[in-house]
Structures are given as C-alpha cells and as structure tokens.
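Just below is one structure, and these are the notes that go with it.
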Amino acid sequence: MLSLWYLDDGLLFGPPNLVNEAWKTIRDEASKVGLRLNETKCELWNAKDRSLLPDIPPTVPNGDPRGLELLGIGVGNTSFCNEILRKRVAQIKEAMTKLDIIDDPQVELTLLRCCMGFPRFAFAIRSTPPTQVSEAIQFFDQVMEETAEERFDISFSERRRKQWNLPVRMGGVGIAKAQDAAAPAYLANLVDCGDMVKDILGTPNMEISANPGCHDTWEVFCDLANPPIQLPTAVEDLLKGLKLDPAHPAGETLISFLKKHKPPGEKTQHFLGSVVQTLRLRELLASLQTHSPTQVEDTTSPEGNDWGEEDDVSNDPCQEPAQRALMRILALTRGNRDTGYANSWLNVVPCSAHGTKMNKVTFGVVLKWMLGDVICPEGQCPESSAASKRCPHALDPWGDHAVCCPTGPSRIARHDHVNATWLATLGASGYHVRAEVRTGTDTRKRSADTLVYNWDKGSMAAHDWTISHVLRAQGLKARNPDPDWAIKEAELRKTRTENGECMARGIEFTPLAMDTFGGIGPQATRAICRVANHCRIRNNSDDASKNQKRLAQKLRFANMKSTANQIMLRCFPANPHNGANAQERTTESDAPQRHAPRVP
C-alpha cells in the first residue's frame, strides 16, 4: 500500500483490506492524543464494493470516478483535470474583478505579477501535464489578457502582446503566458522531483520518461522551441552579449538537453522557460525586419538598414515604425551583472516612503512609453520658454519630441530628479557632497551637479549627470542598431566640454550618462559600483552586487518617472500655453482614450 502525507493531509492507495486497516489504525491512534478524523472532508475514490471497507463510515462520500483532487490539482482524465483547473482560473478571474477597488495601475501590476495572476496558477501547471489541461491554460491566458486591456488601457497589437508576455530582463512586463510556461514548468518539476518519486515508489532505476505525460510534454516543448530564427549580425551580437543565445532541443532527450545546455547552478524551470522566452524575443525582433527587397539589398548607403515597416500595417498611422520598435526593444533588453537590466525599475515595490511610487496617470504613460503605444495627440508642441516663445515643432504619437524638446524647463527637471536621487544616495553612503557647485572662482558656470569631497583616496570629484534619448534620428538611421549609442555620445560630449576645466583645478571629472529607457553609461556603471562597495563597507555587508542593482534600479525609476512627467507636460497640458503641473490638472477630455492613459 502507498501512504503519502503532507502535514495533516494524507492519501492511502491500495487493496480494500489494507486501506480499511490503515483507516482503523489512524482513527485509533489519533484518538489516543485527542485528535479525530474529519469524515466530511475525507473522500473514498474508486471503491467499487464498500462492504470490503467496513470500518470506513458511510458519511465518507464517494469521489468522482473520473479522478481525484489533491491539493487543488486534478489527478484523473482530461475532462476532470480541465474542470478542476478551470475552477481555479474562475477564482483568479473573480479576484481580478476587485482590482478596480485599488484603482492604482502600479500596485495592480505588482499584484498581478507577484501573487494574483500567474503565481496562483503556476503550481497547477507544474503538477499536471499541459496536454491534459490545454483548455484551462487557454482560458487563463484569455483572462489575463482581458484584465490587462481593461486595467492598463493598452492597445494590444500583436507586437505589444508579445512584449507584454516577455520577462522583465528581455524588455517585457513579466506577465508570463501560460501556454509558453506550462511545458517548461512540468518538465522541470519531473526533473527536480525525480529522486523523490523513485524513493516513494521504490524504483531506483525509473527513467524520467516513464512519468505520466513526460513524452507528450517534451514534444510540446520542442514545438515551442522550434529552430532558432536568424537575425542580422549586429542584432545577433547584441543578444549574444546579453547571453540570449538560442538553444534548440531537436533530436535530444530532456536529460541530454539539460546536460548539454543548462548552466551549472541555474534552476531547471528558469532555464527551460528562458529557452522559450528567448525564442519569443527573437520572433518579435524578426517581425520588425523589412520584406522590401530594395531596402534589404541597398548596402551602399552608410545610413541604410534592413529594418522597416511590416507589410500589413505600413498604412496605419498609429503603428509604431519598425525601426523605432527595434531600437526600443533592444534598449529595454540591455543589462549587465553590475547594474541589472534596463527594465528593472518595474520590479520596485510601490512605496511612497521609499520614493518608488507613481500616480496612476504617470504609470500609465510609462507603460505606453515602454510598449510603444500611442501617447500624444496630434498637434503642435504646447511648451513655451520663459520669454513666451512657443516650440515650433509638432508632437509625434510616441512621445519622442516630448522627451527631447529643448523649450521649457522639463528636461532640466528630469535631470535634477536623477541627480537628487544620486546626491541622496551618496550622502547616505557616507560621502561628503554638495549640489550645483562652481568649481572655479573666475566663472559662474557650475561644472559639478554633485561635488564629492572624498571620492577617491580623499580627492574631490565633480559628477555631472546627462540624460539622453536613444530613439533620435541619428541612431534610427544607423545601419547597425546600437542601443548604447546615445549614452556613449553623451559621455564623450560631457568629457570634451567639462573635463579640462575640472582637471585644471585638480578635480576629477566623472560624466554620468543615462538614457530615457534606463540604459546606464560605462562611467556611471563604475560610479554605481564604487558607491555600492562603499555602502557595503559602511554597513559591514558581504554582498555589494545587490546594492549595485538596487541603486541602479532606483536611478532608473527616477528617470522613468521624470520622463513620463515630461511627456505629460506636453501631451496633456491643461493650458496649451502653460504645461506646468499638467499631470495634476489633466481631465478625461484632455486625454482621448486612444492616445492617453486613464486619468483620475
């Protein structure tokens, strides 16, 4: 007989006489310590003749002959497993209908990602072969998509839908698609629990493939991870640098595939899931490649490229240009082991006290900004300078002009927000700092956003932040897309204009560059690592890498929040001639549903 227990829940499998004897033993032994069996919560399954179980009272109900429910998971035939799992999805859907009580998209997205959505569904797909619950999996994905469209006001084109389901480290929002996650989750569970299953069943030589559904699920996984898509060399090099190389399981077994490709120490489910998600990212990037022979074959122009509009949407004015979409996705996918990923600001815990909270209008704009959705209505930029001179340029639907417009004070405000975050961090880490310092007595120019008096072995350093925009025409027209071009250029420009003056006064000059999608320049990365290590020593901590990533995350959050505010000042101004504090005065009429996020 097989006896399995988890805390106070137990299962007894075996011939009727042994099950009856085990029931009697449990009942008698429990009564000796003041416990009793709750007969109404017990269930008798597949008992064809109850007369063979005389000690089990008739109050114990007979279970569904199609299968049994164990810890909320169906074990039985396909119809039974789908029915059990659909009930769970229905509960998840019911919980999601309460999100309007919160009415805060940042908090709602955090709940969906961390507890209400996929996490409540993950255990089910880890425990059941996906081929048995395919209907319930599709139902779950449908519920998640409907909730996203309703709560976050995103116009979900096929391109945005693919990006939405990608992990944060691949430029997505991190709302996993169950159809992509089910096969990796179940296969990983079989591998991770293989030794335990062998011990329970007493079959030390049992192969993984002998588990129910293993073979069919492996075939599903191989179909998901179909042959890798070839991308242009420049893009392939960028993905390779991010360790997003494709791994195809053709002709291999599950175990041989893991031995050949899985990095040491990486969790099985994370690895198998990343194989599928890497393919989805490559599919998204490949969909942006032009099908026009004249564009592909034109290699004479140094500013030409192989990326253009998709054939079926080229006439849609609300469709983001493919060149812009490519650069945007590559920009969001950047990352390194020192500062984490460009999109990591999405992982912050919303908290006003920690400065990691956006109002709902701001967060709605940020989501549209990172997903390439239409933000700005058509018309001229409403911003005016201090001399009442109007900006002569028109707004574009995606907000590029709004974040680059030199008219008005909002670009300085974005820069100041990032610099204030950096200044506060330096002070908290034990550095002696001052803001906006003149480094010389013969000029009124402030060469240092932040002057650090004890930066390196007691010497002073001038830190100067600059925030650039990667989606400018110069980068979009380049033949080989490089999402870091803007921050590299910004660092060189700052060094060329400010370094000599500071060095003449014995002050080290450090240009710190960031772009509007969270990219961080090399000099800024080194500065973040130095501050994180200083914080580690000050706090007597063993790990500086966590401090590095958290500091970079906080700077990125400040940058994205300020970028959204800059877009709102121009795209939704309450007064066309005065964009100041527009986000506090925005009304529904100012922000059409097609172009703007929900507003209070």
Side-chain angles (χ1 to χ4, degrees), residues 234-235 237-238 241-242 302-303 305 323-324 326-328 330-336 338-339 342 400 403-406 411-412 414-419 421-423 426 436-440 443 445-452 455-456 459-531 548 551-552 555-556 558-559 562-563 566:
V235 179
D237 292 342
L238 288 171
L242 295 169
E303 294 187 347
N305 56 48
Q323 292 175 344
R324 184 186 190 277
L326 169 72
M327 188 68 80
R328 175 179 55 80
L330 291 177
L332 290 168
T333 309
R334 290 170 296 174
N336 56 56
D338 294 322
T339 60
D400 290 328
V403 300
C404 294
C405 179
R411 282 208 306 183
I412 298 174
R414 180 182 65 190
H415 161 276
D416 288 348
H417 191 186
V418 173
N419 187 57
T421 303
W422 179 247
L423 182 74
L426 289 172
E436 300 293 342
V437 177
R438 296 188 182 94
T439 57
T443 178
K445 183 178 180 181
R446 296 184 177 100
S447 300
D449 286 341
T450 303
L451 185 64
V452 189
W455 178 243
D456 184 15
S459 63
M460 288 192 297
H463 291 181
D464 195 358
W465 278 98
T466 178
I467 313 297
S468 59
H469 184 46
V470 67
L471 301 183
R472 302 202 307 272
Q474 179 181 345
L476 298 181
K477 291 180 180 179
R479 179 163 187 79
N480 295 324
D482 179 10
D484 288 326
W485 76 269
I487 51 179
K488 293 175 182 176
E489 180 194 60
E491 280 195 357
L492 290 174
R493 185 176 64 253
K494 277 289 183 181
T495 301
R496 186 170 56 250
T497 58
E498 305 290 349
N499 185 58
E501 184 177 333
C502 289
M503 293 298 290
R505 293 175 171 82
I507 300 173
E508 177 186 340
F509 179 75
T510 306
L512 306 176
M514 181 181 286
D515 64 45
T516 50
F517 285 96
I520 297 177
Q523 294 268 31
T525 297
R526 286 192 286 271
I528 288 171
C529 293
R530 178 187 287 273
V531 173
Q548 293 168 192
L551 173 53
L555 290 167
R556 287 176 172 129
N559 177 36
S562 300
T563 298
Q566 190 177 6

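The closest donor-acceptor contact from the side chain of Gln548 to the backbone of Thr339 lies at 3.5 Å or more, if one exists at all. Using a distance-only test at 3.5 Å, with no hydrogens or angles considered, no donor-acceptor pair links the side chain of His469 to the main chain of Val403. Listed for the Arg334 side chain is a donor-acceptor partner under 3.5 Å among the backbone atoms of Pro483. Between the Asn559 side chain and the Asp515 main chain, a donor and an acceptor come within less than 3.5 Å of each other. Of the possible donor and acceptor atoms, one in the side chain of Glu491 sits under 3.5 Å from a partner among the backbone N and O of Gln523. Between the side chain of Ser459 and the backbone N or O of Asp456 there is at least one donor-acceptor pair closer than 3.5 Å.
The structure places CE of Met327 at 11.0 Å from CZ of Arg472, a figure rounded to the nearest 0.5 Å. If you take CG on Asp400 and CZ on Arg328, they are separated by 10.5 Å, rounding to the nearest 0.5 Å. Note: Arg526 CZ to Ile520 CD1 = 13.0 Å, rounded to the nearest 0.5 Å. Atom CG of Asn419 is separated from atom CG of Asp464 by 8.0 Å, given to the nearest 0.5 angstrom. Distance NE2/His463 to CH2/Trp455: 4.0 Å, rounded to 0.5 Å. Note: Leu471 CG to Leu476 CG = 6.0 Å, rounded to the nearest 0.5 Å.
Scanning both residues, Pro511 and Thr495, for their nearest heavy atoms gives CG-OG1, 3.3 Å. Nearest heavy-atom pair, Ala513 versus Ala490, reported as atom, atom and distance to 0.1 Å: CB-CB, 4.2 Å. Summarising the geometry of Leu332 relative to Ala342, their closest heavy-atom pair is O-CB, 4.0 Å, with the distance given to 0.1 Å. Considering every non-hydrogen atom in both Leu330 and Pro481, the closest pair reads CD1-CB, 4.1 Å. Taking both residues in full, the closest heavy atoms of Ala524 and Leu512 are given as CA-CD2, 3.6 Å, listed atom of the first, atom of the second, then distance.
Phe517 is not listed as a side-chain neighbour of Thr563, based on a closest heavy-atom distance of 4.5 Å or more. A heavy-atom distance below 4.5 Å is found between the side chains of Glu508 and Thr510. Side chains of Thr516 and Ser468 form no contact here, defined as non-hydrogen atoms less than 4.5 Å apart.
A ring pair (Phe, Tyr, Trp, His ring centres under 6.0 Å) check over residues 476-507, counting only residues at least two apart or in different chains, returns nothing.
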For this session: Verify side chain to side chain contact (heavy atoms under 4.5 Å, CB included) between Gln474 and Glu489, making sure each step is shown before the conclusion.
Result: CA-CA 11 Å; Gln474 179 181 345; Glu489 180 194 60; 3.4 Å; yes
For this session: Determine, stepwise, if the pair Thr466 / His415 fulfils side chain to side chain contact (heavy atoms under 4.5 Å, CB included).
Result: CA-CA 7 Å; Thr466 178; His415 161 276; 5.7 Å; no
Exercise. Hey, mind stepping through Leu555 and Ile528 against side chain to side chain contact (heavy atoms under 4.5 Å, CB included) and telling me if it holds?
Worked result: CA-CA 10 Å; Leu555 290 167; Ile528 288 171; 3.8 Å; yes
For this session: Evaluate the side chain to side chain contact (heavy atoms under 4.5 Å, CB included) criterion for residues Trp465 and Met514: first the C-alpha distance (whole Å), next the side-chain angles of each, then the deciding distance (0.1 Å), finally the verdict.
Result: CA-CA 8 Å; Trp465 278 98; Met514 181 181 286; 4.1 Å; yes
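Residues that satisfy the side chain to side chain contact (heavy atoms under 4.5 Å, CB included) test with Asp237, not counting sequence neighbours, are Thr233.
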